[in-house]
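Take this structure first; my questions come after.
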Number of protein chains: 2
Amino acid sequence: MSFQTAAAAASIKCGDCPIRHRAVCSRCETDELRELDGLKYYRTIEAGQTIVWSGDEMDFVASLVSGIATLSQTMEDGRTQMVGLLLPSDFVGRPGRAEAAYDVTATTDVTLCCFRKKPFEALMMRTPHIGQRLLEMTLDELDAAREWMLLLGRKTAREKIATLLAIIIRRDASLHLQADGGALEFDLPLTREAMADYLGLTLETVSRQISALKREGVIELRGKRHIVIPDLDRLIEETGDDSDGGVLT
Amino acid sequence: MSFQTAAAAASIKCGDCPIRHRAVCSRCETDELRELDGLKYYRTIEAGQTIVWSGDEMDFVASLVSGIATLSQTMEDGRTQMVGLLLPSDFVGRPGRAEAAYDVTATTDVTLCCFRKKPFEALMMRTPHIGQRLLEMTLDELDAAREWMLLLGRKTAREKIATLLAIIIRRDASLHLQADGGALEFDLPLTREAMADYLGLTLETVSRQISALKREGVIELRGKRHIVIPDLDRLIEETGDDSDGGVLT
DNA sequence: CGCAAGATTGACATAGGTCAACGTGTGTGG
DNA sequence: CCACACACGTTGACCTATGTCAATCTTGCG
């Protein structure tokens, strides 16, 4: 497991932090921020590296500053299921728990803003704003997990793929908004295997369904990872969800 | 939707409440309890009735006092997936959200301890103990949801059934502890259809797998709903989980 | 250039879904 | 007190979506 302290990142002041308004610390006042500023330290992890293994002692919690990481569980015989996708501003670790419950793996290069667990927990007791925000974030994650349960339990392979693509777009849309009428496009941040682990499929099925969607014109591929959606409504029909879904509204 | 105020239940003082030490209010001090006592009202729902429909305006939150309820999501074409099982002390509703996100259905007769949402939210702002406990409970639910994602995405039908039985036993064990060496037994609180909705299977598959487990002596049936486990380790082997699993330890 | 790592595709196997018939048991009304 | 209806459960025959195994293609990189 390789990591290093990011010399450059270490100098970021919380006030300038890119995830300032979305992370656990988003509700903190100036003086609370100052305290966090003193506690925090940055850590960077290269793409492909595992950040923590399930069962490891975990003496820190963190906010994901940049990059993408996955939470996954693996059975003894190797079957694995992704149980969460961590994006910038998401929280890693659980206050009040000593051991990691899941494997956390960096999908791209990742920067974490870490806090040693004990001081963080102490701060949390003194600072209701942090607990409040963490509750809100946890409730959102619970909703996402439950939406995923519907996908895993009841959707077909094709619906699963379409849903994943739609979710990635929805997320992307909230950042670099694109022309409404025009074609949407984005880079898949996941390998076929990672997609399979997320969707409860095999990579072969993922590959076949992507090919099928391409053949039928629902999506276009530019290279293996870059996807173009000529007609978003068409894609959304394929997800099996209620037609609206609140995308881009 | 039929419900009524439980005249008898209405007189329960928080101090005597059966879920006093596990629910959202578990950390509250005497004076905080007094305040809750003033806010709360009881509501009972008969087995089979739906408590709220997904999308409904929801102007209350509640603790489940007795009985069992389910959270589920249904797709337009009728496919449904249970996304949570609510047991006594579990919390219903989400502070800060106006509409219910899931159908909540009473599986058995159910008693709720309700709070109108606005006053409860206000109380939560003033009383960190409630938010803290709710965070803890939400984190536990998130873990449970993620464990269920592994089951839905990667387990075989047989493993799914065995896991469900093991979970019910684990829960039961924490109440009426039974002789360690002796056979464990319990009543299934769910129909085959509800089990299927929980496990992402059809009821036929559930029925077949239960028959198979019976045929092979992993379980015994007394009537349709009462289950006897002659050898717990044997059942746990069938779940596909790590051998220990922390059951009864 | 030539190999890995990722991705695609094909042939085939199978777990679980679907449709349909048949049990079982319990509460209700004649 | 019977019977019969209805909800729940079981079982069978068959089908299909997805998994498995294996060969081949593509592409970026040392």
Side-chain angles (χ1 to χ4, degrees), chain A residues 46-49 70 75 77-81 105 107-108 151-165 187-216 219-227 238 240, chain B residues 46-49 75 77-81 105-108 151-165 187-216 219-227 238 240:
Chain A
E46 304 179 355
Q49 299 300 312
T70 63
M75 295 170 67
D77 61 4
R79 282 176 280 175
T80 98
Q81 176 65 52
T105 308
T107 288
T108 63
L151 175 143
L152 291 172
R154 295 303 186 191
K155 288 193 174 179
T156 64
R158 165 181 271 248
E159 288 170 337
K160 286 177 176 182
I161 301 282
T163 304
L164 178 60
L165 297 179
D187 280 307
L188 265 181
L190 303 170
T191 65
R192 300 291 127 108
E193 188 181 21
M195 293 174 72
D197 285 343
Y198 205 5
L199 299 172
L201 297 170
T202 58
L203 69 161
E204 292 94 330
T205 300
V206 170
S207 189
R208 276 190 253 271
Q209 293 297 337
I210 289 182
S211 298
L213 289 170
K214 182 174 66 174
R215 216 177 306 122
E216 298 169 31
I219 63 175
E220 290 164 27
L221 292 189
R222 308 243 194 286
K224 299 301 179 187
R225 293 290 194 84
H226 192 83
I227 296 202
E238 299 289 352
Chain B
E46 304 179 355
Q49 298 301 312
M75 294 170 65
D77 61 4
R79 284 176 279 176
T80 99
Q81 176 66 51
T105 309
T107 289
T108 62
L151 174 144
L152 291 172
R154 295 302 186 192
K155 288 192 175 181
T156 64
R158 164 182 273 249
E159 289 169 338
K160 286 177 175 182
I161 301 282
T163 304
L164 178 60
L165 297 179
D187 280 306
L188 265 181
L190 303 170
T191 65
R192 299 291 126 109
E193 189 181 21
M195 293 173 71
D197 285 345
Y198 204 6
L199 299 171
L201 297 171
T202 59
L203 67 158
E204 292 95 331
T205 300
V206 170
S207 188
R208 277 189 254 269
Q209 294 296 337
I210 289 181
S211 298
L213 289 170
K214 182 175 65 174
R215 217 177 307 122
E216 298 169 31
I219 64 176
E220 288 164 28
L221 292 189
R222 308 245 196 282
K224 298 303 179 188
R225 292 289 193 87
H226 192 83
I227 296 202
E238 299 289 353

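A note on names: the letters A, B, ... follow the listed sequences, proteins ahead of strands, and every chain is numbered from 1.
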Legend entry - nucleotides 15-30 of chain D: protein proximity per nucleotide (B base, S sugar-phosphate only, - neither; heavy atom, under 4.0 Å): ---SSBB---------
Inset, instruction - Flag the pair A:Leu188 / A:Leu165 as yes when at least one side-chain heavy-atom distance between them is below 4.5 Å, and no otherwise. - result: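 Side chain of A:Leu188 against side chain of A:Leu165, heavy atoms only: contact under 4.5 Å found.
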Inset, instruction - Verify, without hydrogens or angle tests, whether A:Glu220 (side chain) and A:Lys214 (backbone) share a donor-acceptor contact under 3.5 angstrom. - result: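 It does not hold such a pair.
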Legend entry - Length of the CZ-P vector between B:Arg222 and C:dG25, whole Å: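 The answer, rounded to whole Å, is 15 Å.
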Legend entry - d(NZ, B:Lys214; P, D:dT10) in whole Å: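 It is 7 Å, rounded to the nearest whole Å.
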Inset, instruction - State whether A:Thr191 places a side-chain N or O below 4.0 Å from either non-bridging phosphate oxygen (OP1 or OP2) of C:dA5. - result: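 Result: no.
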Legend entry - Length of the NE2-C1' vector between A:His226 and C:dA7, whole Å: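 Atom NE2 in A:His226 sits about 18 Å away from atom C1' in C:dA7.
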Inset, instruction - Measure from the side-chain N and O atoms of B:Ser211 to the backbone N and O of B:Ser207, and report whether any donor-acceptor pair falls under 3.5 Å. - result: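 At least one qualifying donor-acceptor pair exists.
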Inset, instruction - Select one nucleotide: of C:dG6, D:dG9, C:dT8, the one nearest the side-chain heavy atoms of A:Ser211. - result: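 From the listed options, C:dT8 comes nearest.
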Inset, instruction - Check the distance between C:dG17's P and B:Asp77's CG and give it to me in whole angstrom. - result: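 Those two atoms, CG and P, are 15 Å apart.
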Inset, instruction - Mind calculating the distance between CD (A:Glu193) and C1' (C:dA5) to the nearest angstrom? - result: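 So the two atoms are 11 Å apart, to the nearest Å.
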Legend entry - For A:Arg79, side chain to side chain contact (heavy atoms under 4.5 Å, CB included) partners two or more places apart: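 A:Arg79 satisfies side chain to side chain contact (heavy atoms under 4.5 Å, CB included) with A:Met75, A:Asp77, B:Arg154, B:Thr156, B:Glu159 once adjacent residues are dropped.
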Inset, instruction - Quick one: label A:Ser207 by what it contacts on the DNA or RNA (base, sugar-phosphate, nothing), any heavy atom closer than 4.0 Å. - result: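 It contacts base atoms.
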Inset, instruction - May I ask you to check whether over 12 heavy atoms, not counting those of A:Glu204, lie within 6.0 Å of atom CD? - result: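 More than 12 within 6.0 Å, yes.
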Inset, instruction - Output yes when a side-chain donor or acceptor of A:Gln49 lies under 3.5 Å from a complementary backbone atom of A:Thr105, and no otherwise. - result: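 Not a single qualifying donor-acceptor pair exists.
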Legend entry - Smallest separation among heavy atoms of A:Pro189 and A:Arg225, with atom names: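 Closest approach of A:Pro189 to A:Arg225: C-NH1, 4.4 Å.
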Legend entry - Between P of D:dG9 and CG of B:Leu188, the distance in whole Å: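 Rounding to the nearest Å, CG of B:Leu188 and P of D:dG9 are 9 Å apart.
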Legend entry - Rounded distance (Å) that lies between atom C1' of C:dT9 and atom CZ of A:Arg215: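 To the nearest whole Å, that distance equals 10 Å.
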Inset, instruction - Could you tell me the separation between the CE atom of B:Met195 and the P atom of D:dC8, rounded to a whole number of Å? - result: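 In whole Å, D:dC8 P lies 15 Å from B:Met195 CE.
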